[in-house]
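Worksheet: the structure to be examined is printed underneath.
The model shown is predicted, which means the values in this text are computed figures rather than measured ones.
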Amino acid sequence: MTAVTAQPLRHFQVPETAWVESHMPRFTGAERDAVIERIKTLLKERDAVLVAHYYVHEDLQRIAEETGGCVSDSLDMARFGQEHPASTLVVAGVRFMGETAKILSPEKTVLMPTLEAECSLDLGCPADAFEAFCDAHPDRTVVVYSNTSARVKARADYVVTSSIAVKLVEHLKAQGKKILWAPDRHLGHHIRETTGADMVLWDATCVVHDEFRTRGLDDLKKAHPEAAVLVHPESPAGVIAQADAVGSTSQLIKAARELPHPTLIVATDSGIFYKMRQAAPHKTFIEAPTGGHSATCRSCAHCPWMAMNGLHNLLQVLEQGGNEVQVDESVREGALRSTQRMLDFARQLQTPVLGRGDA
């Protein structure tokens, strides 16, 4: 059984990644090195730690690694920030990630290089419409992906990441519960097919993963018969069906390291290649084909909003402040409740690093 909202799939503007990247300031040579060193100095001076998502530019990932910060998925970024003694968290990613950090660390200052970095799953699940959808299905347990706003999380019973979503839904199914899932319909479909749970699905997609194409992937596999295919479950079902490994970003990084194949075709945001090449330096990585191979596309395997994070605005926020993330306390309390339920469930599973590796 499937139900979707009446909301149009794309009722918001999606910038083109190529346009975003072409308008980002660039530093080269000694100038770039000086900016990086200045950022490192400012992090120390401001008692700040940088937490960066797998999908931002590798320069930012490298700075986080070299300064004692964190490179991971949204929830583990927030958990790291919560446990780190720094009084200021600088979150390089998209806006809901900054909100998640603030939900878990309300006493800390949370800054972002830009507050314009959105997420199509967050934008595609506006809180008012989502609350009406929940009201229409009052008998269902509400489970939402971490890629949602604080208000949506506050309405949910559980927040999940892709690395734990299947196990949590299996647990709820065993209790006889029916599920309302939001926002990514591809991930929801994958969970429903895997668990057999009774789920109604919100209709939204990730602008990156939705562009991967089954036919193009089939052609690429024929051209590289030695390759394994790694797929994030936010991708369309036909793409998932061709995968040798399906999983969250950390699970895909693990697969890149452990699979024997010398070549890997990767269906997720290309920002992950920085960590994949660390994990498997002698392997060849190929982007899975998107709509851009036969038509136009907006992301072409890299999120336009993730691309808005750069050295220039990271330096600016550290020098000048601003871009502080705020979450209304009444909303934060509800969002914390649903997030904490997931954390508690994961501890019961003895999962050492919760949700590490999601979009």
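The heavy-atom pair separating A165 from V160 by the smallest distance is CB-CG2, 3.9 Å. For L252 against G247, the heavy-atom pair with the smallest separation is CG-O, 3.4 Å. Nearest heavy-atom pair, V90 versus A48, reported as atom, atom and distance to 0.1 Å: CG2-CB, 4.2 Å. The two residues A154 and R337 have their closest heavy-atom pair at O-NH2, 3.5 Å.
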- Item | Step-by-step side-chain hydrogen bond (donor to acceptor under 3.5 Å, both in side chains) determination, H209 to T268 | CA-CA 6 Å; H209 296 97; T268 192; 2.8 Å; yes

- Message: Between H171 and Q175, does the side-chain contact (heavy atoms from CB on, under 4.5 Å) criterion hold? Intermediate values first, please.
- Response: CA-CA 7 Å; H171 172 73; Q175 295 180 336; 3.3 Å; yes

- Query: Hey, mind stepping through Y274 and E65 against side-chain hydrogen bond (donor to acceptor under 3.5 Å, both in side chains) and telling me if it holds?
  - Reply: CA-CA 12 Å; Y274 172 71; E65 291 173 337; 2.6 Å; yes

- Item | R62/E66 under side-chain contact (heavy atoms from CB on, under 4.5 Å): CA gap, chis, key distance, verdict | CA-CA 6 Å; R62 189 177 298 111; E66 293 176 354; 3.3 Å; yes

- Task: Kindly determine whether L104 and L336 satisfy side-chain contact (heavy atoms from CB on, under 4.5 Å), including the steps that lead there.
- Result: CA-CA 7 Å; L104 291 181; L336 178 61; 3.6 Å; yes

- Task: Starting from the C-alpha separation in whole Å, work towards a yes-or-no answer on side-chain contact (heavy atoms from CB on, under 4.5 Å) for L217 and I265.
- Result: CA-CA 9 Å; L217 179 56; I265 301 169; 3.8 Å; yes

- Message: Is there a side-chain hydrogen bond (donor to acceptor under 3.5 Å, both in side chains) between S87 and D47? Walk through the geometry before answering.
- Response: CA-CA 6 Å; S87 61; D47 188 30; 2.9 Å; yes

- Task: Show your working on salt bridge (Lys or Arg N to Asp or Glu O under 4.0 Å) between K178 and D139 and close with a plain yes or no.
- Result: CA-CA 7 Å; K178 298 184 294 183; D139 59 329; 2.6 Å; yes

- Check the pair S105 / Q82 against side-chain hydrogen bond (donor to acceptor under 3.5 Å, both in side chains), numbers first and verdict last. CA-CA 5 Å; S105 301; Q82 182 184 38; 5.4 Å; no

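When each of T290, V266, I240 is tested with F212 by the rule side-chain contact (heavy atoms from CB on, under 4.5 Å), just one qualifies, namely T290.
The aromatic rings of Y55 and H53 stand perpendicular to each other, their planes meeting at an angle above 60°, with 30° marking the opposite boundary. Classification of the W202-F133 ring pair by plane angle, with boundaries at 30° and 60°, yields perpendicular.
Atom CG of L121 is separated from atom CG of D184 by 5.0 Å, given to the nearest 0.5 angstrom. Note that CD of E58 is 12.0 Å distant from CZ of F273, once rounded to the nearest 0.5 Å. Rounded to the nearest 0.5 Å, atoms CD (E37) and CD1 (I63) are 9.0 Å apart. With rounding to the nearest 0.5 angstrom, the CD atom of Q320 is 8.5 Å from the CG atom of L315. In this structure, CG on L168 lies 8.5 Å from CE on M342, to the nearest 0.5 angstrom. Separation of atoms CG (D59) and CG (L314) is listed at 10.0 Å; rounding is to 0.5 Å.
A donor-acceptor pair is defined here as one N or O able to donate and one able to accept, closer than 3.5 Å; no such pair exists between the side chain of N323 and the backbone of L111. One N or O on the side chain of K173 and one on the backbone of T195 form a donor-acceptor pair closer than 3.5 Å. A donor-acceptor pair under 3.5 Å links the side-chain atoms of K153 to the main chain of T148, judged by distance alone. Panel note: side chain S235, backbone V231; no donor-acceptor pair is recorded below 3.5 Å. Panel note: side chain K108, backbone G81; a donor-acceptor pair is recorded below 3.5 Å.
You'll find the side chain of V94 stays beyond 4.5 Å of the side chain of E118, heavy atoms only. Contact of the Y158 side chain with the L172 side chain is registered, since non-hydrogen atoms from C-beta on lie closer than 4.5 Å. Here the side chains of V207 and E211 are not in contact, with every heavy-atom distance at 4.5 Å or above. Residues V142 and W181 fail the side-chain proximity criterion, which asks for heavy atoms closer than 4.5 Å. Using a 4.5 Å heavy-atom cutoff, the side chains of H186 and P233 are not in contact. In this structure, E21 and H302 have side chains that are in contact, with non-hydrogen atoms separated by less than 4.5 Å. For the pair R151/E131, a side-chain contact is recorded, criterion being any heavy-atom separation below 4.5 Å from C-beta on. Looking only at side-chain heavy atoms (C-beta outward), D198 and R140 come within less than 4.5 Å of each other.
The pair E83-R79 meets the salt-bridge criterion, since a charged nitrogen lies less than 4.0 angstrom from a carboxylate oxygen. No salt bridge links D344 with R341; every basic N to acidic carboxylate O contact stays at or beyond 4.0 Å. The pair R332-E329 meets the salt-bridge criterion, since a charged nitrogen lies less than 4.0 angstrom from a carboxylate oxygen.
Counting heavy-atom neighbours within 6.0 Å of K254 NZ, excluding the residue itself, gives a total of 12 or less. Residue E116 qualifies as open at atom CD: its count of foreign heavy atoms under 6.0 Å is 12 or below. Within a 6.0 Å radius of NZ in K177, no more than 12 heavy atoms belonging to other residues, nucleotides or ligands are found. In the displayed structure, R26 atom CZ is contacted under 6.0 Å by more than 12 heavy atoms of other residues, nucleotides or ligands. Remark: R155 CZ is packed, more than 12 non-hydrogen atoms of other residues, nucleotides or ligands lying under 6.0 Å away.
In terms of the side-chain hydrogen bond (donor to acceptor under 3.5 Å, both in side chains) criterion, D157 has no residue partners (sequence neighbours excluded). Scored by the ring-ring contact (aromatic ring centres under 6.0 Å, His included) test, H312 finds no partners at all (sequence neighbours excluded).
By the rule that hydrophobic residues join a cluster once side-chain heavy atoms approach within less than 4.5 Å of another member, L50 and I39 end up as members of one cluster.
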